[in-house]
Amino acid sequence: DVVAALKRSGLLAARERYPHVYPHCWRCKEELVFRPVDEWFIRMDWRDRIQAIVPSIRWIPPEGEAREQDWLRNMGDWMISKKRFWGLALPIWIDEQTGDFEVIGSRAELQARAVDGWEAFDGHTPHRPWIDKVRIRSPRTGNLMSRIADVGNPWLDAGIVSFSTLGWNTDREYWAEWFPADFIVEGFPGQFRNWFYSMLTMSTVLADGPMTRTIFGYATVHDEHGEEMHKSRGNA
């Protein structure tokens, strides 16, 4: 439209095509469109507590420790939300009139606070759409509060696996028999800033210690041309 208007007014000096970098989905190859959205973060100005625990893990190869510490030194706050329907429902209820929010700590607490929607949710897993029906009341304003629409980043869910699957909330003695893990195996480079990081964060907060005694971080095998191997690329 701009080019057409310039042409009509006799002000168009030239029109040409030129290549430029544009994001595409690495799976389906479709163009991506960025849009600004609000997200939820955990403030990470206490990262020094996590850094103090990293040396207590045996890293294979040894430079894995330096890689994890480098990520912790340079990372920002932890974005924990996703604009999706299915996933870990973030337990954050917000007063839409004031913007005040509360994080609910357990199913029992939610039931005690619920003023609407508990019957529709009861008997279901804490996922959408059932969890979204529960409303609580703000203790400060008396306004109704609804759960935010966001779900959790998958690494938030993956990071708590050492606790959620071993009965942390129900059988602490059983959990203690199996925690920390003896050995974790995962790949370089992503897990140093994803899974290892999220598990370290959770274990620091809840257990003040490492989630494992040993981590083996292996490298990615490439094809004969040095390319990563993917089914979508046809070289796997």
Scan for salt bridge (charged side-chain N to carboxylate O under 4.0 Å, His left out) pairs involving [range], sequence neighbours excluded, and state none if there are none.
range: residues 6-22; answer: none
range: residues 129-143; answer: D100-R140, R128-D132, D132-R147
range: residues 193-218; answer: D182-R213
range: residues 216-235; answer: E227-R233

Exercise. Listed by chain and number, what are the ring-ring contact (aromatic ring centres under 6.0 Å, His included) partners of F163, not counting sequence neighbours?
Worked result: W168, W175, F179
Nonpolar side-chain network containing [X], other nodes, edges under 4.5 Å:
X: L32; answer: none
X: V221; answer: M229
X: Y22; answer: V33

So does [X] have more than 12 non-hydrogen atoms from other groups sitting under 6.0 Å from [atom1]?
X: D48; atom1: CG; result: yes
X: D45; atom1: CG; result: yes
X: W178; atom1: CH2; result: no

Exercise answer: donor-acceptor pairs, residues 60-71 side-chain atoms, under 3.5 Å, sequence neighbours excluded:
from: Q69; atom 1: NE2; to: Q51; atom 2: O; distance (Å): 3.0
from: D70; atom 1: OD1; to: N74; atom 2: ND2; distance (Å): 3.2

For this session: Can you sort out the partners of P129 under side chain to side chain contact (heavy atoms under 4.5 Å, CB included), two or more places apart, ordered by chain and number?
Result: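 For P129 the side chain to side chain contact (heavy atoms under 4.5 Å, CB included) partners, ignoring immediate neighbours, are F85.
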[Y] and [X], any side-chain heavy atoms less than 4.5 Å apart:
X: L156; Y: I80; result: yes
X: H24; Y: K29; result: no
X: L110; Y: P91; result: no
X: T98; Y: D95; result: yes
X: I104; Y: W93; result: yes
X: W40; Y: W78; result: no

Can you tell me how far apart [atom1] ([X]) and [atom2] ([Y]) are? Round to the nearest 0.5 Å.
X: I215; Y: I184; atom1: CD1; atom2: CD1; answer: 5.5 Å
X: Q97; Y: L144; atom1: CD; atom2: CG; answer: 8.5 Å
X: S138; Y: M145; atom1: OG; atom2: CE; answer: 5.0 Å

Exercise. Salt-bridged, R113 to E102, with N to O below 4.0 Å?
Worked result: yes
What's the shortest heavy-atom distance between [X] and [Y], and which atoms?
X: I53; Y: P210; answer: CG2-N, 3.5 Å
X: I131; Y: A89; answer: CG2-CB, 3.8 Å
X: F183; Y: T212; answer: N-OG1, 3.7 Å

Could you check whether any side-chain N or O of [X] sits under 3.5 Å from a backbone N or O of [Y], counting only pairs where one atom can act as donor and the other as acceptor?
X: W130; Y: W118; answer: no
X: S106; Y: E109; answer: yes
X: W59; Y: V54; answer: yes

Exercise. Which pairs with one or both residues in residues 198-236 pass ring-ring contact (aromatic ring centres under 6.0 Å, His included), sequence neighbours excluded?
Worked result: W26-H230
Problem set entry | Among R84, K82, K83, side chain to side chain donor-acceptor pair (under 3.5 Å) partner for D150 | K83
Exercise. Do L88 and F41 belong to the same hydrophobic cluster, where Ile, Leu, Val, Met, Phe, Trp and Tyr are linked whenever their side-chain heavy atoms lie under 4.5 Å apart, directly or via other members?
Worked result: no
Sequence neighbours excluded and cut-off under 3.5 Å, please list the side-chain donor-acceptor pairs for residues 195-204, or say none.
from: W195; atom 1: NE1; to: A158; atom 2: O; distance (Å): 3.2
from: S198; atom 1: OG; to: W155; atom 2: O; distance (Å): 3.2
from: S198; atom 1: OG; to: N194; atom 2: O; distance (Å): 3.1
from: S198; atom 1: OG; to: W195; atom 2: O; distance (Å): 3.0
from: T201; atom 1: OG1; to: Y197; atom 2: O; distance (Å): 2.9
from: S203; atom 1: OG; to: M199; atom 2: O; distance (Å): 3.1
from: S203; atom 1: OG; to: L200; atom 2: O; distance (Å): 3.2
from: S203; atom 1: OG; to: G209; atom 2: O; distance (Å): 2.9
from: T204; atom 1: OG1; to: L200; atom 2: O; distance (Å): 2.7

